[in-house]
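Input: a single structure, listed below in structure tokens.
Order of listing sets the numbers, starting from 1, for every ligand and every atom in it.
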Amino acid sequence: MPNKATLELDGKTFEFPVYLGTENEIAMDISSLRSVTKGLITLDTGFKNTGSCSSKITFLDGEKGILRHRGYSIEELTQKGTFLEVAFLIIFGELPTTAQFKKFENDIKGQSMINEEMKDIVVGFPKSAHPMGMLSALTSALTAFNPGIVNVNSEEDMYNAVVKILGKFPVLASWAHRRRNGLPLNYADNSLDYISNLMQLMFKIPTEEYKINPIAVKAMDELLILHEDHEQNCSTSTVRIVGSSGAGLFASLSSGVSALWGPLHGGANQAVIEMLEAIQADGGDVDKYIDKAKDKDDPFRLMGFGHRVYKNFDPRARIIKKACDNLFEDLNLNDPILAIAKKLEAVALEDPYFVEKKLYPNVDFYSGIIYRALNIPVEMFTVMFAIGRLPGWIAQWKEMRENGEPIGRPRQLYIGETLRPFKPYNER
Ligand code: ACO
């Protein structure tokens, strides 16, 4: 492996160091490019070739369909771990001991109360507001109720900020759901584990006992583990770049929620179900929608297909498809949407357009069907994704601050007008 790369420009030669990652990924360090070449920058719209940081959290290989957190495979983590255990691993670097886990879980529970005045903000939202908008705003509002600055050099301060947001975020997420549905805002039940508590936060009504369904809890736990981190995706990069300005954890996380909302990112799980429902309402003609997706003049895309990084298969989609089948069997469910999804997948995987462009089902293709089976309303799907991704955002923000990374500030190639004189109205 060469340890430098050479660039020739205008008869001059420049050398740049090449680094090797622990999984043999290679990166050319161009941080001196602009200064040594007197102005040359790289242009990489969408950052398809640009590494924004070095990270120890997540490794993924899009060609081989590998996803690992801190060295542990996603397959093993979903089989053997719990959401909170994996969160600890992702955030702090190692799997917790029993004592560490007990403390972590208890400390999170200790942070599950939210200032009652936050409820005034919740009821200020129209009921029609999208829960992702509410969640983003409420996460940001936490800053106002917790104004202390986190000293990133203090392990204790960092730990306290981590457990605080992990304790409060599911409560805020459930409030967004309950506001939309005219339900009283619920409190956490600290006798329950993290995922069971999340379920009761969402669904418990004051007039009835809420029975925890262990099958549903297990499915939700697995689904959320699958979403915990995915290295430098759109929302995570957003969290890191917002935090790089010195913005606090809650403000940075709020921007991550907004980035996740988009239909090309976390909003895809909602878009998948809406697409499947539309196909069902239209008579279930899968081929028609395959043709629409292939038509360059039609903006329609097969939602839940394709991925920026995974070009052979998304390992999370494999796990989720199995989890979906298990859940339907365990709960003895039958959803016509699932049959349409399976047909769509089968047709697309044989179609040259999708095969040649390496478009495979991604994590969102089946996650929405599981959420639907768990009675999560469609507009809450992306909120569930956000709850799952929270540990990843926290870990990436923490790593970025601990590394002392500089403020993120990309360059651009200006292609606009050159200097021209300002003309008064009557001359324009
Ligand atoms: N349906 C039909 N055609 C598609 C699809 C799709 N879902 N995805 C990509 N293509 C086509 C594009 O039209 C393009 O064709 P062209 O080369 O002829 O112009 C080619 O495949 C490459 O697509 P890009 O958009 O350039 O690929 P990119 O890596 O930028 O985008 C993305 C990846 C955004 C995920 C895209 O595949 C997509 O829009 N998928 C649907 C939305 C979705 O499921 N998003 C969830 C992603 S996973 C997550 O965020 C958790």
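Close approach to G304 involves these atoms of ligand 1, each under 4.0 Å from a residue heavy atom: 43 (C), 44 (O). Counting the atoms of ligand 1 from 1 in the order shown, those under 4.0 Å from a heavy atom of Y353 are 2 (C), 3 (N), 4 (C), 11 (C), 13 (O). Near D364, meaning under 4.0 Å from one of its heavy atoms, ligand 1 places the atoms 46 (C), 48 (S), 49 (C), 51 (C). Within ligand 1, the atoms closer than 4.0 Å to a non-hydrogen atom of K311 are 29 (O), numbered from 1 in the order shown. Contact atoms of ligand 1 toward A268: 43 (C), 44 (O), 45 (N), 46 (C) (distance under 4.0 Å to a heavy atom of the residue). Set against the non-hydrogen atoms of L264, the atoms of ligand 1 under 4.0 Å away are 39 (O), 45 (N), 46 (C), 47 (C), 50 (O). Ligand 1 places these atoms under 4.0 Å from at least one heavy atom of F385: 51 (C). Counting the atoms of ligand 1 from 1 in the order shown, those under 4.0 Å from a heavy atom of A293 are 2 (C).
Under the 4.0 angstrom criterion for non-hydrogen atoms, F300 is not in contact with ligand 1.
Of the protein's heavy atoms, K48 NZ, 3.7 Å lies nearest to atom 26 (O) of ligand 1. The protein heavy-atom contact nearest to atom 42 (C) of ligand 1 is M303 CE, 3.4 Å.
Proximity annotation for atom 35 (C) of ligand 1: of A271, S235, G306, G306 comes nearest, heavy atoms only. One option in R308, M275, K296 has a heavy atom closer to atom 33 (C) of ligand 1 than any other, and that option is R308.
The part of K357 lying near ligand 1 is the side chain, judged by heavy-atom distances below 4.0 Å.
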